**Student:** 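Okay, here's the structure, questions in a sec.
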Amino acid sequence: MNPETRTVASTAAVPNRASHASLPELRSMQQGSRTFFRRLAWLAAPAVLMVPALAFAQTAQPPAATPPTTPATGTATTPNGTATGTVGTGTGTGAAGGTTPGVDLGTPNGPPTTVAPTTGTGTPTPADATDLSGTAGARAAGSPPPGASEGRGFMDTRLTWTFGDDDFLHKTGELIPLSPTFGVGERSQYRLFFDNLNSRFSGRENITHLVMYKKLPAFIDHLTTEAALVMRFDLAQLAANTGNLNAAVYDSGSYLRLHYQTGATEKEGLSAVFFPLDTDRFRLGYLYDLSWGGTAASINQSIFPRIQGAAPGLKVQYDAEKFYIFGGFKTATIIQPEKVLSPGGENDVETVRVGEVNYGFLAGAGADPIDNLHLDVGGGYFQQGKFDLEDVRGKNVYTYGGSGRIVFHQGMPVPQSVDFLLYRNDPNKPLILFKPEKYDANQFGFSVSAELDWLQQHLKDFDTAGAVKDQAARGAAVQGVIKAGYLRFSATGIYRELNFVVRNVPGFIPFETLPSSAKTDAELFGSIGADYHFPAAHLTPGIGAGLQLPATFRSEFTDGGAPAQRVIVVRQQGDESILPYNKDRSAIVQARLALRWDISDMFAVVAWVQLIRDNNGTLVVRDPSEGTASLRVFQSPNRVGSAVAVQARF
């Protein structure tokens with residue numbers, strides 16, 4: 001919290017050469033040996049000369065595979081659980097509108113499982129498992145590298161070349177955030193508030209994932225073992241040359257998994273997932289923007305404040321045909337004050353700040369009582385260290401709460417964020433996160449969901465010295481998607497109280513409740529979007545728009561006997577604006593018109609024009625009447641930008 005914000009809140013309250021024979025030694029060979037080597041050289045010469053020609057002419061012909069089979073709708077993933085290999089049904093449940101350039105829309109649409117041909121030994125051979133590790137020119141011919149068919153290699157790769165300007169109405173430096181002129185590269189201002197509500201990413205990143213995956217049957221009947229090392233490479237961070245390697249290469253959900261099958265299908269059974277490094281994929285809540293209990297501190301989404309290092313954990317889940325239930329925990333090291341005996345005195349006590357282990361506990365369940373109805377519920381309790389404020393130092397800080405969701409769907413699977421799934425590089429059950437959207441002129445499907453998240457945070461009472469109390473933080477969302485033939489339409493509404501927006505701090509005033517004299521306004525958000533696909537041209541034009549009333553903290557007081565107020569607008573954690581004296585919040589309007597051209601199943605070009613009107617942005621200028629005093633004024637509210645993105649996803 002910057003000093004001005006704090007003031008407003010306070011007012012309210014190498015090889016081995018020895019192994020090779022020398023030239024004299026070769027000359028000392030017997031005549032018979034010379035004859036042998038001479039004949040061998042004449043025999044080998046034609047073969048050596050043929051290698052380049054073979055390498056140049058070689059093309060990899062993968063074994064033929066039987067036609068893919070499509071799984072039943074709604075059985076692809078386990079809600080709030082793990083992916084079952086094949087993700088989605090190809091129908092898609094995400095927001096319509098073509099409004100998020102180059103983004104997978106909604107639930108990940110994975111491919112059907114391919115039945116691999118068998119070898120003479122009866123062992124299944126994956127369709128792409130051409131063993132060319134010892135064949136010259138294999139890599140140059142575009143064949144898979146050695147080990148790719150064994151679950152080792154890169155996956156979920158996104159490469160994007162973006163050229164544009166997010167605001168060509170103003171010169172660089174006139175507004176905050178700054179907007180350089182037309183250039184190549186991703187900008188945070190390209191992401192509108194209604195983009196990708198169900199993912200942490202905008203869809204225009206340059207990232208890839210190294211997944212070392214292995215799955216084998218155990219020595220115990222019906223038990224399967226799995227393990228995956230998942231590393232994310234953020235290429236933009238590497239190119240930034242900041243020297244911060246931790247922001248460019250980091251764990252993205254490595255895990256070990258045991259699964260004991262108890263039913264007729266592989267899905268049914270008891271599983272235990274061990275996260276040795278980080279548990280950010282293990283969260284509560286369902287829409288990503290409302291989820292809580294994460295551990296991504298670099299993007300202000302860690303439930304553990306002042307966390308040191310990662311947060312490993314464990315998740316145990318039982319899946320049946322019509323329901324699931326799970327429980328688990330995660331741990332984190334948090335710097336907190338502790339009282340210890342002073343080494344130099346007999347009874348002297350001093351306070352030291354050390355890293356101590358804190359726990360978070362999560363549990364939940366879900367069911368499909370009827371074919372088109374799905375229910376979810378979950379809850380959690382998270383230790384968040386201890387207070388380091390003078391009058392409550394050493395007391396515990398914690399957050400607890402619950403989440404619930406109801407989904408009514410037909411012709412579409414239950415929505416789930418890609419960022420909650422476990423990555424599998426299994427050639428027999430491929431996990432493809434960016435399968436192009438499939439359209440059917442005779443298809444009709446819809447999905448309607450409603451979610452509520454209610455947290456209680458144990459914080460210092462701002463109004464009472466030495467006291468602590470619980471403070472509520474609530475959020476809710478309603479979403480609807482309709483798909484009819486080549487047309488898609490979506491609508492979303494979100495409600496978030498100020499305390500929920502800053503739930504990971506915790507509190508608007510860090511570790512303290514709101515003053516009783518202060519007033520707040522909750523965030524209200526609504527958006528709509530639509531797009532239409534032209535299959536012959538592979539074009540999808542779309543339009544999307546949204547309106548947001550941001551959350552506020554309001555300090556009311558009297559100035560010379562007249563009522564006055566100062567308002568702080570909080571768009572999200574870390575994005576705040578202090579408004580001029582006696583001014584209130586304004587609605588933020590954003591819109592985008594986009595056109596997507598799919599060149600292949602992995603390659604697309606997206607062009608868009610966007611408009612942003614936000615009259616809550618302010619600047620600090622010199623007061624012209626006094627010359628030395630600072631004065632807050634509104635900056636120009638309008639921004640118009642456009643860009644084109646060339647993108648590959650594979």
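Excluded from the calculations below are hydrogen atoms, water molecules and symmetry mates; all remaining heavy atoms, backbone and side chain alike, are included. Here the structure is a predicted model, which is why all the values come from computation and not from measurement.
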**Student:** Would Asn504 and Asn300 count as a side chain to side chain contact (heavy atoms under 4.5 Å, CB included) if you check the C-alpha gap in whole Å, the side-chain angles of each, and the deciding distance to 0.1 Å?
**Tutor:** CA-CA 7 Å; Asn504 291 316; Asn300 295 327; 5.9 Å; no
**Student:** Have Tyr400 and Asp470 got a donor and an acceptor in their side chains that come within less than 3.5 Å?
**Tutor:** yes
**Student:** Under the criterion side chain to side chain contact (heavy atoms under 4.5 Å, CB included), I'd like the reasoning laid out for Asn358 against Gln384: C-alpha separation, chi angles, the key distance, then a yes or no.
**Tutor:** CA-CA 7 Å; Asn358 284 251; Gln384 297 177 296; 5.9 Å; no
**Student:** Arg649 side chain to Arg158 main-chain N or O, any donor-acceptor pair under 3.5 Å?
**Tutor:** no
**Student:** Aromatic ring centroids of Phe446 and Phe408 under 6.0 Å?
**Tutor:** yes
**Student:** Could you tell me how the ring of Tyr359 sits relative to the ring of Phe329: parallel (under 30°), tilted (30 to 60°) or perpendicular (over 60°)?
**Tutor:** tilted
**Student:** Does Glu451 reach the main-chain N or O of Leu287 with its side chain, forming a donor-acceptor pair under 3.5 Å?
**Tutor:** yes
**Student:** Would you say the side chains of Thr262 and Glu268 form a donor-acceptor pair under 3.5 Å?
**Tutor:** no
**Student:** Within a reach of under 6.0 Å around CG of Leu216, are more than 12 heavy atoms found that belong to other residues, nucleotides or ligands?
**Tutor:** yes
**Student:** Going from OG1 on Thr540 to OH on Tyr486, what distance comes out if it is rounded to the nearest 0.5 angstrom?
**Tutor:** 11.0 Å
**Student:** Can you tell me how far the OH atom of Tyr255 sits from the CG atom of Leu277, to the nearest 0.5 Å?
**Tutor:** 13.5 Å
**Student:** Side chain to side chain contact (heavy atoms under 4.5 Å, CB included), that's the test. Do Arg283 and Phe420 meet it? Break it down for me.
**Tutor:** CA-CA 7 Å; Arg283 295 185 176 210; Phe420 296 161; 3.7 Å; yes
**Student:** Tell me, please, which residues at least two apart from Thr224 pass side-chain hydrogen bond (donor to acceptor under 3.5 Å, both in side chains).
**Tutor:** none
**Student:** If you measure from OG on Ser600 to CZ on Phe650, what distance do you get to the nearest 0.5 Å?
**Tutor:** 10.5 Å
**Student:** Okay, side chain of Arg405, backbone of Asp376: is any donor-acceptor separation there less than 3.5 Å?
**Tutor:** no
**Student:** Could you measure the distance from the CZ atom of Arg474 to the CG atom of Leu455? Nearest 0.5 Å is fine.
**Tutor:** 10.0 Å
**Student:** Please give me the minimum heavy-atom distance between Ser252 and His209, naming the atom from each residue.
**Tutor:** OG-CD2, 3.9 Å
**Student:** Using every non-hydrogen atom in the two residues, find where Trp292 and Ser403 come nearest and quote the distance to one decimal.
**Tutor:** NE1-OG, 2.8 Å
**Student:** Nearest 0.5 Å, what's the CG-CD1 distance between Leu373 and Ile406?
**Tutor:** 5.0 Å
**Student:** How long is the straight-line distance from CZ of Arg281 back to CG of Asp419, given to the nearest 0.5 Å?
**Tutor:** 6.0 Å
**Student:** Answer yes or no: is there a donor N or O on one side and an acceptor on the other, between the side chain of Gln479 and the main chain of Ser449, under 3.5 Å?
**Tutor:** no
**Student:** Using the rule given for side chain to side chain contact (heavy atoms under 4.5 Å, CB included), can you reason through Ile335 versus Gln308, listing the C-alpha separation, both sets of side-chain angles and the distance that settles it, and then say yes or no?
**Tutor:** CA-CA 7 Å; Ile335 301 299; Gln308 302 293 303; 3.6 Å; yes
**Student:** Could you tell me how the ring of Tyr439 sits relative to the ring of His533: parallel (under 30°), tilted (30 to 60°) or perpendicular (over 60°)?
**Tutor:** parallel
**Student:** Looking only at side chains, do Thr295 and Asp278 share a donor and an acceptor under 3.5 Å apart?
**Tutor:** yes
**Student:** Hey, are Lys322 and Asp371 close enough for a salt bridge, meaning a charged N less than 4.0 Å from a carboxylate O?
**Tutor:** yes
**Student:** Counting only N and O atoms by type, is there a donor-acceptor contact under 3.5 Å from the side chain of Asn196 to the main-chain atoms of Ser199?
**Tutor:** no
